Asker: 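Pasting a structure here, questions to come.
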Amino acid sequence: MSEGYLRDGREPVPAKESTSRSMRSNKGRDTRPELVLRKALCEAGLGGYRLQWKVPGRPDIAYPGRKVAVFVNGCFWHRCPVCDLPLPKSNVDFWRTKFERNVERDRRNIASLESDGWTVVTVWECEVGKDLPSAVRRVGSALGKRPKSRDNTDLI
């Protein structure tokens, strides 16, 4: 590893600097799946959302007037039930604990939003890549609107 490399003490130090560089490049917002979904929502006539709205869990996309929160979850970090990705091979205990905390935090945030009267839509990274129209329809349904396609026909 390079000189002057600082750690916060929570994670085990990776064996390779390339691993560390890769992990540092992960973003918490404006990820590719979020940007793709936001563009598709606007094209479907479902704009008017807010980003990182200050409610429990800070949903990636929020429609505060209709109390609809959209989380765009990465399959790896949030443990997508469809992808069922394996744990990393090194530091297995650390990763298992981290992922369990992530999933539990997601559950708490969703429960808190729902108890406050919000409708929560979770869109998975793989869904954005494989079936974007379905994700747009689910958001539209939560909003009580029929999303439009590019040629202005209903998507539903």
Side-chain angles (χ1 to χ4, degrees), residues 6-8 10-11 14 16-88 94-95 98-156:
L6 299 174
R7 303 281 309 171
D8 64 4
R10 292 183 298 159
E11 308 90 13
K16 298 178 187 172
E17 176 62 24
S18 61
T19 301
S20 186
R21 207 173 21 256
S22 173
M23 297 306 278
R24 276 195 310 267
S25 70
N26 289 316
K27 303 188 305 182
R29 58 193 249 185
D30 295 333
T31 63
R32 183 174 309 247
E34 282 179 51
L35 296 174
V36 168
L37 180 61
R38 288 181 353 213
K39 181 179 180 188
L41 290 172
C42 286
E43 288 174 350
L46 300 175
Y49 51 77
R50 301 292 178 259
L51 304 176
Q52 304 288 321
W53 198 250
K54 294 177 178 75
V55 293
R58 288 268 175 124
D60 300 302
I61 300 167
Y63 295 87
R66 295 188 180 259
K67 287 190 136 184
V68 172
V70 181
F71 290 97
V72 184
N73 286 352
C75 295
F76 178 75
W77 295 107
H78 296 270
R79 309 317 290 167
C80 173
V82 174
C83 293
D84 195 27
L85 298 169
L87 290 171
F94 165 78
W95 287 109
K98 178 167 184 58
F99 293 145
E100 287 169 356
R101 280 193 323 257
N102 287 355
V103 170
E104 181 54 35
R105 183 187 62 233
D106 292 344
R107 282 190 194 118
R108 278 194 319 270
N109 289 335
I110 290 169
S112 180
L113 284 166
E114 289 176 342
S115 72
D116 288 343
W118 286 72
T119 299
V120 178
V121 178
T122 301
V123 177
W124 292 97
E125 176 184 14
C126 61
E127 184 180 8
V128 171
K130 293 177 184 170
D131 193 7
L132 183 59
S134 172
V136 172
R137 281 192 299 272
R138 288 193 306 116
V139 174
S141 177
L143 292 168
K145 295 184 175 183
R146 292 178 66 90
K148 303 286 185 188
S149 66
R150 289 182 194 205
D151 62 359
N152 212 25
T153 59
D154 287 338
L155 280 175
I156 298 175

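The model shown is predicted, which means the values in this text are computed figures rather than measured ones.
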Asker: So, Arg138 side chain and Thr122 main chain: donor-acceptor pair closer than 3.5 Å or not?
Answerer: yes
Asker: Quick check for you: to the nearest 0.5 Å, what is the distance between Leu132 atom CG and Arg137 atom CZ?
Answerer: 9.5 Å
Asker: Compare every heavy atom of Asp60 with every heavy atom of Leu51, then report the nearest pair and how far apart it is.
Answerer: CD2-O, 3.5 Å
Asker: Tell me the closest heavy-atom pair linking Trp77 and Asn102, and the distance in Å.
Answerer: O-ND2, 3.0 Å
Asker: Can you tell me how far apart NZ (Lys67) and CG (Leu113) are? Round to the nearest 0.5 Å.
Answerer: 9.5 Å
Asker: Tell me, please, which residues at least two apart from Arg38 pass side chain to side chain donor-acceptor pair (under 3.5 Å).
Answerer: Asp30
Asker: Quick one: sort the His78 and Trp124 rings into parallel, tilted or perpendicular, breaks at 30° and 60°.
Answerer: perpendicular
Asker: Do you know the tightest heavy-atom contact between Gly57 and Phe71?
Answerer: O-CE2, 3.3 Å
Asker: Is a side-chain donor or acceptor of Tyr63 paired with a backbone partner of Val139 at a separation under 3.5 angstrom?
Answerer: no
Asker: How long is the straight-line distance from CG of Leu143 back to OH of Tyr49, given to the nearest 0.5 Å?
Answerer: 12.0 Å
Asker: Rounded to the nearest 0.5 Å, what separation is found between the CG atom of Leu37 and the CD1 atom of Ile61?
Answerer: 4.5 Å
Asker: If I compare all heavy atoms of Gly74 with all of Glu125, which pair ends up nearest, and what's the gap?
Answerer: CA-OE1, 3.5 Å
Asker: Does the pair Glu104/Arg101 count as a salt bridge with the N-to-O cut at 4.0 Å?
Answerer: no
Asker: Tell me the closest heavy-atom pair linking Pro56 and Pro59, and the distance in Å.
Answerer: O-CD, 4.0 Å
Asker: Check Ser134 against Glu127 and note the closest heavy-atom contact, atom names and distance.
Answerer: OG-OE2, 3.8 Å
Asker: May I ask you to decide if Phe76's main-chain N or O and Arg79's side chain share a donor-acceptor pair within less than 3.5 Å?
Answerer: yes
